[in-house]
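Just so it is clear: chains get the letters A, B, ... in the order the sequence lines come, proteins before strands, and each one is counted from 1. It should be emphasised that the depicted structure is a prediction, and the values quoted were computed from it without experimental measurement.
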Number of protein chains: 2
Amino acid sequence: MQPSSRVTIRDVAAAAGVSVATVSKVINQRYGVSADTFARVQAVINELGYEASLVAQSLRNHRTNVIGILVADLEPFSTELLKGAGDAIRGTGFELVVYSAGGRTSDHVGWERRYLSRLSGTLVDGAVLVTPTVVDVQYGAPVVAVDPHTGPSDLPTIDSDNLRGARLATEHLLDLGHRRIALLGGRPDLQSAQLREQGYREALTAAGVPVDERLVQVGAYDPEVSVKPARELLSSPDRPTAVFAANDLSAIATIEVARELGLRVPQDLSIVGFDNIPESVLSTPPLTTVEQPIRTMGQHAIEILVQLIRGESPPRTHITLATRLVVRQSTRAL
Amino acid sequence: MQPSSRVTIRDVAAAAGVSVATVSKVINQRYGVSADTFARVQAVINELGYEASLVAQSLRNHRTNVIGILVADLEPFSTELLKGAGDAIRGTGFELVVYSAGGRTSDHVGWERRYLSRLSGTLVDGAVLVTPTVVDVQYGAPVVAVDPHTGPSDLPTIDSDNLRGARLATEHLLDLGHRRIALLGGRPDLQSAQLREQGYREALTAAGVPVDERLVQVGAYDPEVSVKPARELLSSPDRPTAVFAANDLSAIATIEVARELGLRVPQDLSIVGFDNIPESVLSTPPLTTVEQPIRTMGQHAIEILVQLIRGESPPRTHITLATRLVVRQSTRAL
DNA sequence: GTGAAAGCGCTAACAT
DNA sequence: ATGTTAGCGCTTTCAC
């Protein structure tokens, strides 16, 4: 930062022999500049490689044309969502910035709040919160939540039909003759995890299978967290014959644990995941899972957010996308 | 943005009955504030949920404690690198922001330049450029490149031993008895791609195997781009018995193309990738590949950048990390 | 110990 | 058509 500090609008103005206001007009294509001056200023801009400071512009304008996405961590789910968001942003005139909390779950809530507050109204025109832990966001800028926290919230929200998805997964295992079906649950603070558990319970109950609470464990959507409960589940004397894992990452972790314990999937153990992340096709065996249209969720989130920012009222502010079962090779009849 | 705009420092000052200067001192823990006032202001800050605007602070301070990472797209390589960067940033006092060009390769160069210029000196204290297309960056803020563009550049750089890695991969195939070995090359503008091609050629030549130029194709590190050349390669009458793909993503794409054409991997075709991204373990069959310590690369990039920002001189500004062959099941003796 | 005022880079009224 | 001026939210001398 010592040498040749940024080129500012003043440098350009001085070099072109005009006032800063004129340079500003040129940059923003405003009327009131002669073709002559315009060309001269433009030339200087190119020569000096000047670019307006995003920060200064933001401060002045209160409009940045930047949308922020806050994710807890960069894993397959959020990355996939990011791709969808990237797709949707193209052509809108907005740009995308990602803030990652980097998986430090400790000061999660604080991080989200803080960032939202520091950014909104200045650096970003609006934000998408992915698996947020906050529900009561009340800032100037519009916010859309994806796969939100439990509890009442009037944030615009995108999620998928978790309840039905979980039922489909459990019913699939029941149809295959399984009765001892374990649940490796998700992050308990998220609505999606609760609904997936609820769907699991409902499907079992509907089939007249009592829920064995020892078979209900928490994997927190995290492969590392999942290893321990998976190992306990699978090394128990009356181990389950099937596992419904609340997301693909923990399902894949469970496959690995099974292999390590000498259990073959699907011969000795059936496993169903949730999400249908790209990795699920590539696992060995390829994973039976519940598809969530993750990219589409990211797209919708951006679309709604953009409408909100533009002051339009989106037709719907709570979108629940359909889930469906994708049968691959990690499940088999008992 | 209509209701209850941001809480500003002025609101806090008014509510606490002090001047903005005093509030600023409280926020920044400066001396010259009585314990009394400090407590009162702090209370108001909490009550109002005030957070200083990052933008305004940046504009004023020229120090943001934010590091930017610019990636061309969010795919496994960059995502993995991001994780390493996230690891390294913890405890440094810096925060991480990711800017993604979103895969639009058209205005790549422009995008990088523009962003770098708009951000540096204001929004970020420094930046990491991942697979950048620019070489001659000359802004105020320090910049570190990962897997850089070809051509001379005095940017601090992190890469891995691409030449040796490619030789290892090719020699592995030669050792297995393969002679018709194709190369599915990377992004020709990147040094890494050129070195991987060079390693491939050198290994063949050293083994006395002439290079068949029809077997040298471009996959651009991109699975979608790779499909066409892979299909051509594999459906040719004198098709290769092995393919060295310049990254795992195109190697996996090649596996899929092979399957589609009825070729079994590794029985009918051996495939080696490069990178060792997490997905490579999960592919069917698991991929033989050259490991690049991607996360470590991200870590080093951040470490060097942080030193640069702090005005220290890093002991080394060009780090090349070792690569090694990881043999899995996508290769077999001819 | 506290506040007034200047200024970071930029834009938008409002002169001229 | 161009320049002057005020001010976005904040920090930092420098008076008081």
Over all atoms of both residues, closest heavy-atom pair of A193(B) and Y221(B): N-OH, 3.2 Å
Side chain of Q57(A) - closest among dC10(C), dC10(D), dT2(D): dC10(C)
Test side-chain contact (heavy atoms from CB on, under 4.5 Å) applied to L321(B) and M297(B), step by step: CA-CA 8 Å; L321(B) 296 168; M297(B) 291 167 76; 3.4 Å; yes
Partner of S58(A) by side-chain contact (heavy atoms from CB on, under 4.5 Å), out of V55(B), L123(B), L59(B): V55(B)
Phosphate OP1/OP2 of dG3(C) contacted by T22(B) side-chain N/O (<4.0 Å): yes
Which nucleotide in dC10(C), dG9(D), dG1(C) has an atom nearest any side-chain atom of A56(B): dG9(D)
From dT11(D), dT2(C), dC10(C), nucleotide with atom closest to K25(B) side chain: dT2(C)
Sugar-phosphate, base or nothing in reach of V23(A), heavy atoms under 4.0 Å: nothing
Rounded interatomic separation in angstrom, taking CG from L54(A) and C1' from dC8(D): 15 Å
Separation of dG3(D) C1' from R10(A) CZ (nearest whole Å): 14 Å
Nucleotide nearest T37(A) when distance is taken to its side chain, options dG3(C), dC8(C), dT2(D): dT2(D)
Nearest-angstrom distance from the residue atom CG of L59(B) to P of dG9(C): 7 Å
Option among V306(B), L305(B), T317(B), L129(B) that satisfies the side-chain contact (heavy atoms from CB on, under 4.5 Å) test with V144(B): L305(B)
Rounded interatomic separation in angstrom, taking OH from Y50(A) and C1' from dT11(C): 11 Å
Side-chain heavy-atom pair L308(B), P314(B) within 4.5 angstrom cut-off: yes
Sugar-phosphate, base or nothing in reach of F38(A), heavy atoms under 4.0 Å: nothing
Integer-rounded Å distance: dG1(C) P and R40(B) CZ: 15 Å
H62(A) NE2 - dG9(D) P separation (whole Å): 4 Å
Nearest-neighbour nucleotide for the I27(A) side chain, dT11(C), dT2(C), dT11(D) considered: dT11(C)
Residue V18(A), side-chain heavy atoms: nucleotide from dG3(D), dG1(C), dT11(D) that is nearest: dG3(D)
R60(A) CZ to dA6(D) P, straight-line distance once rounded to whole Å: 13 Å
Short side-chain to backbone donor-acceptor contact, T320(B) and D159(B), under 3.5 Å: no
d(CD1, I9(B); P, dA4(C)) in whole Å: 14 Å
OP1 or OP2 of dT2(C) under 4.0 Å from side-chain N/O of S34(B): yes
S19(A) side chain near dG3(D) phosphate (N/O to OP1/OP2, under 4.0 Å): yes
Sugar-phosphate only, base, or nothing, as touched by A52(A) at under 4.0 Å among non-hydrogen atoms: sugar-phosphate
Sugar-phosphate only, base, or nothing, as touched by S24(B) at under 4.0 Å among non-hydrogen atoms: base
Toward the 5' end of DNA chain C, by each residue's nearest nucleotide, Y31(B) or N61(B): Y31(B)
Any R30(A) side-chain N or O less than 4.0 Å from OP1/OP2 of dT11(C): no
